[in-house]
Amino acid sequence: MKRLLLIAICGISGAAAICCVIQPINSTILRVFTIASIFAFFVSSLLLAWQHKAVRLSLLAIPILFIVIVSLPGRSFDIDRLRQRYADSLHHYSNVPYVWGGEGKMGIDCSGLPRRALRDALIAEGLTTMNGRLIREAIRQWWFDASARALSEGYKGYMSPLFATKALRNTDLSSLKPGDVAITNSGIHCLVYFKGNTWIQADPNVGKVEDFDARNTESSWFDDPVHLYRWTWLQN
């Protein structure tokens, strides 16, 4: 009976954890649920495999490896390389459906796009260079997630203000760098600069992530007053 209960817990928590990881949603409750599901899956799997030494040791190695990676020493990093990883990650989500609150390949929203892309870049660069500082920042930003409005209000110091403009369509973009974020004054939408006159956004009107030319598009977002920001971690 006990083993059947463990199997049930393992299966349910494992399925829940996979769903939360594959398609995260910007919600504190769901983040807590994700951690709880992973913990329940790990403990139930460990108890089920306790009699098998090789499996038991393999499972125990997972949290140890995680702690080692997160505890890696932090050091300086190449901002330009991190910015390039960020830009590449943004386009990794091209054509992903727009889903309010979404932060994954199955659905993502306007502010989820730059947040998730930056976290992906921080983790990739952190693992590649064995820089624990970047990995810890990715985890911090996952836990202390934020809406576009919160980012524009300086939440956790994630972004630094650049300048304001009445409409992106007629703005000189020469001072921008890939990954800079435009947030509407209303705080309901954001767009991410790529290069030239090109922006990438998860557009609720189009229903997916797509590139737009600021000078040659009918998208109304390019006519709204916005403030421009740069991720603090990408400040030169």
Side-chain angles (χ1 to χ4, degrees), residues 9-11 13-50 52-93 96 102-106 108 111-146 151 155-159 178-179 231-236:
I9 294 173
C10 183
S13 60
I18 290 172
C19 290
C20 289
V21 171
I22 290 179
Q23 182 51 40
I25 298 293
N26 181 14
S27 165
T28 300
I29 293 176
L30 285 179
R31 284 192 286 275
V32 172
F33 180 73
T34 299
I35 294 173
S37 297
I38 292 173
F39 180 77
F41 175 72
F42 173 77
V43 172
S44 58
S45 297
L46 187 62
L47 291 174
L48 285 170
W50 193 258
H52 306 281
K53 184 177 180 180
V55 178
R56 182 176 75 242
L57 293 177
S58 296
L59 288 172
L60 289 172
I62 294 174
I64 294 173
L65 179 61
F66 176 77
I67 292 172
V68 168
I69 291 175
V70 172
S71 302
L72 287 169
R75 54 182 181 276
S76 59
F77 57 94
D78 187 325
I79 292 178
D80 290 333
R81 190 165 64 184
L82 180 62
R83 181 179 288 110
Q84 184 58 54
R85 283 191 185 276
Y86 171 42
D88 292 342
S89 184
L90 284 167
H91 275 86
H92 180 67
Y93 294 94
V96 168
E103 296 184 348
K105 289 285 286 184
M106 296 176 67
I108 201 162
S111 61
L113 175 62
R115 294 196 315 268
R116 177 59 188 269
L118 182 63
R119 288 203 298 268
D120 290 349
L122 287 166
I123 292 173
E125 186 66 10
L127 291 175
T128 300
T129 61
M130 302 298 284
N131 190 341
R133 181 185 176 196
L134 300 179
I135 296 170
R136 288 190 290 275
E137 178 60 20
I139 295 173
R140 183 177 86 98
Q141 290 196 19
W142 173 75
W143 182 252
F144 296 106
D145 216 340
L151 290 173
Y155 181 75
K156 296 293 181 180
Y158 285 156
M159 288 185 167
W231 288 102
T232 304
W233 279 73
L234 297 177
Q235 288 275 32
N236 289 91

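Just the heavy atoms: all of them, side chains too, but no hydrogens, waters or symmetry mates, feed the values below. Along the sequence shown, residues are numbered consecutively beginning with 1.
Closest heavy-atom contact between Gly179 and Trp231: O-CD1, 3.9 Å. Closest non-hydrogen pair, Gly104 versus Ile108, comes out as O-CB, 3.8 Å. Closest approach of Gln141 and Leu122 over heavy atoms only: NE2-CD1, 4.2 Å.
For the pair Ser89 (side chain) and Arg85 (backbone), a donor-acceptor distance under 3.5 Å is absent. Side-chain N or O atoms of Arg136 include one that pairs as donor or acceptor with a backbone N or O of Val70 at under 3.5 Å. A donor-acceptor contact shorter than 3.5 Å links the side chain of Arg75 to the backbone of Met130. Checked by atom type and distance alone, the side chain of Ser71 never pairs as donor or acceptor with a backbone atom of Val68 at under 3.5 Å. Remark: the backbone N or O of Leu234 is paired with a side-chain donor or acceptor of Arg83 at under 3.5 angstrom. Under the 3.5 Å distance criterion, the side-chain polar atoms of Arg115 are matched with a main-chain donor or acceptor of Ser111.
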TODO: Walk me through it: do Asp88 and Gln84 pass the test side-chain hydrogen bond (donor to acceptor under 3.5 Å, both in side chains)?
DONE: CA-CA 6 Å; Asp88 292 342; Gln84 184 58 54; 2.9 Å; yes
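Looking at Leu46 and Val43, their side chains never come closer than 4.5 Å, going by heavy atoms from C-beta outward. Within the 4.5 Å cutoff, the side chain of Phe33 has no heavy atoms near those of the Ser27 side chain.
Here the rule is side-chain contact (heavy atoms from CB on, under 4.5 Å) with Leu90, and of Leu118, Asp120, Leu113 only Leu113 fits it. In summary, of the residues considered (Tyr86, Phe77, Tyr158), a ring pair (Phe, Tyr, Trp, His ring centres under 6.0 Å) with Trp233 occurs for Phe77 alone.
Counted within 6.0 Å of CD1 on Ile29, heavy atoms from surrounding residues, nucleotides or ligands total 12 or fewer; the atom is thus considered open. The environment of CZ in Phe39 is sparse: at most 12 heavy-atom neighbours from other residues, nucleotides or ligands sit within 6.0 Å.
In summary, the side chains of Arg31 and Thr34 do not present any donor paired with an acceptor at a separation below 3.5 Å, with no hydrogens or angles considered.
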